Protein chains: 2
Amino acid sequence: MRKTKQRQVVLDIVRSTDAHPTADWVYEQARKVIPNISLGTVYRLLGRLQEEGLVVQLEAGSRKSRFDGQPGPHQHIVCERCGRIADVPDVVDRAATERIEQLTGYRVSTHRVEWFGLCPKCQE
Amino acid sequence: MRKTKQRQVVLDIVRSTDAHPTADWVYEQARKVIPNISLGTVYRLLGRLQEEGLVVQLEAGSRKSRFDGQPGPHQHIVCERCGRIADVPDVVDRAATERIEQLTGYRVSTHRVEWFGLCPKCQE
DNA sequence: ATGAGAATAGTATTCGTTCCTATTTTCACA
DNA sequence: TGTGAAAATAGGAACGAATACTATTCTCAT
């Protein structure tokens, strides 16, 4: 792993804010320092930084939406190897929701818990 | 809202499985019944069925990934109006994880809680 | 029966992201 | 301090899930 100016700039930018920026926002900021930096470089660096644990990527996962024909209060667990999705009961109670509302000032309307792991078949 | 064959077929398909199918899987199944059904129709119907509460869409939200330069155990709350994201502490304890493992047979490696609501600014 | 408008089929388009490759840059080692 | 091999980048092409567009078909209240 080599120390490049691009890498340092991208890391500084993503660390400089708590606004959870998008890749293209990081790209725009980076261009102020390195005008001809490439968007592909930003994507590659963000991915690499994530592998190293310096950055967390939200809403990643498979980019395909999946649909559930059994609506109702339940959550999901996704197999990290084969993508199989199973239903699980919700573990978040009313007290937790109220705590979040008080801490953030947000008015909570809903929440979603996603679990990740290995399904029984993929555990071998 | 009109009763069309396409609508009924898509609803039957998405209700017939608990595998949380993708839109193109639903499309392939639907083509076995209506060979010239359009993929756009499948997308539109799934969206409409979701609005009616008959179907739940997973992993939806903005299609852009967002990045967090402050790694560490915390979760997020997303404003449904302006997209603002704030950090919140995790509310899932060890006992809940064990319960999920026993219920599903999955080996849990991580989880993610996403809260949705209105940020203070958007509550007016 | 019929006509207005809702829904569809087929296709083009959008846009976030990834891939490709010639060129540049970094850094271990002489 | 040079030098060369490997790694990283810039720029642009390609990909793919999802959406937009529009002429045509279908539904259903009357």
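Quick note on labels: first sequence line is chain A, next is B, and so on, each numbered from 1. Treat the numbers as computed from the prediction; the structure is a model and nothing was measured.
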Legend entry - Length of the line joining A:K3:NZ and D:dT9:P, which is rounded to integer Å: 14 Å
Inset, instruction - For B:L39, report the nucleic acid contact type (base, sugar-phosphate, nothing); a contact means any heavy atom under 4.0 Å. - result: nothing
Inset, instruction - Specify the separation, in whole Å, of atom CD1 of B:I37 and atom P of D:dC26. - result: 14 Å
Inset, instruction - May I ask you to evaluate whether B:T22 reaches the phosphate of D:dA17, defined as a side-chain N or O under 4.0 Å from OP1 or OP2? - result: no
Legend entry - Under 3.5 Å donor-acceptor, A:Q75 side chain and A:D90 backbone: no
Inset, instruction - Compare all side-chain heavy atoms of A:H111 with those of B:I77 and state whether any distance is below 4.5 angstrom. - result: no
Legend entry - Whole-Å gap separating P (C:dT18) and CG (A:L45): 13 Å
Legend entry - Integer-rounded Å distance: C:dT8 C1' and B:Y27 OH: 13 Å
Legend entry - Options C:dA7, D:dA8, C:dT8, nucleotide nearest the side-chain atoms of A:R2: D:dA8
Legend entry - Nearest-angstrom distance from the residue atom NZ of A:K5 to P of D:dA7: 24 Å
Inset, instruction - Please determine if a side-chain N or O atom of A:T4 lies less than 4.0 Å away from the OP1 or OP2 oxygen of D:dA7. - result: no
Inset, instruction - Would you kindly give the CE-to-C1' distance between B:M1 and C:dT8, to the nearest whole Å? - result: 16 Å
Legend entry - Phosphate-side-chain proximity, B:Q6 and C:dA9, N/O vs OP1/OP2 below 4.0 Å: yes
Inset, instruction - Scan side-chain atoms only and decide if A:R94 and A:T97 contain a donor-acceptor pair under the 3.5 Å cut-off. - result: no
Inset, instruction - Please examine the side chains of A:V88 and B:R99, heavy atoms only from C-beta on, and report whether any two atoms are closer than 4.5 Å. - result: no
Inset, instruction - Output the single nucleotide from C:dA7, D:dA8, D:dA10 whose closest atom is nearest the side chain of A:S38. - result: D:dA10
Legend entry - Length of the CZ-C1' vector between A:R7 and C:dT24, whole Å: 19 Å
Inset, instruction - Nearest whole angstrom, please: distance from the P of D:dT9 to the CD of A:Q8. - result: 12 Å
Inset, instruction - Please determine, for the side chain of A:K64, which listed nucleotide (D:dA17, D:dA10, D:dA18) has the closest atom? - result: D:dA17
Legend entry - Phosphate OP1/OP2 of D:dA18: any A:S65 side-chain N/O under 4.0 Å: yes
Legend entry - D:dA18 OP1/OP2 closer than 4.0 Å to side-chain N/O of B:Y43: yes
Inset, instruction - Confirm from the modelled atom types if A:R44 and D:dA8 form a donor-acceptor pair under 3.5 Å, side chain to base only. - result: no
Legend entry - pair A:I13-A:W25: side-chain heavy atoms closer than 4.5 Å: yes
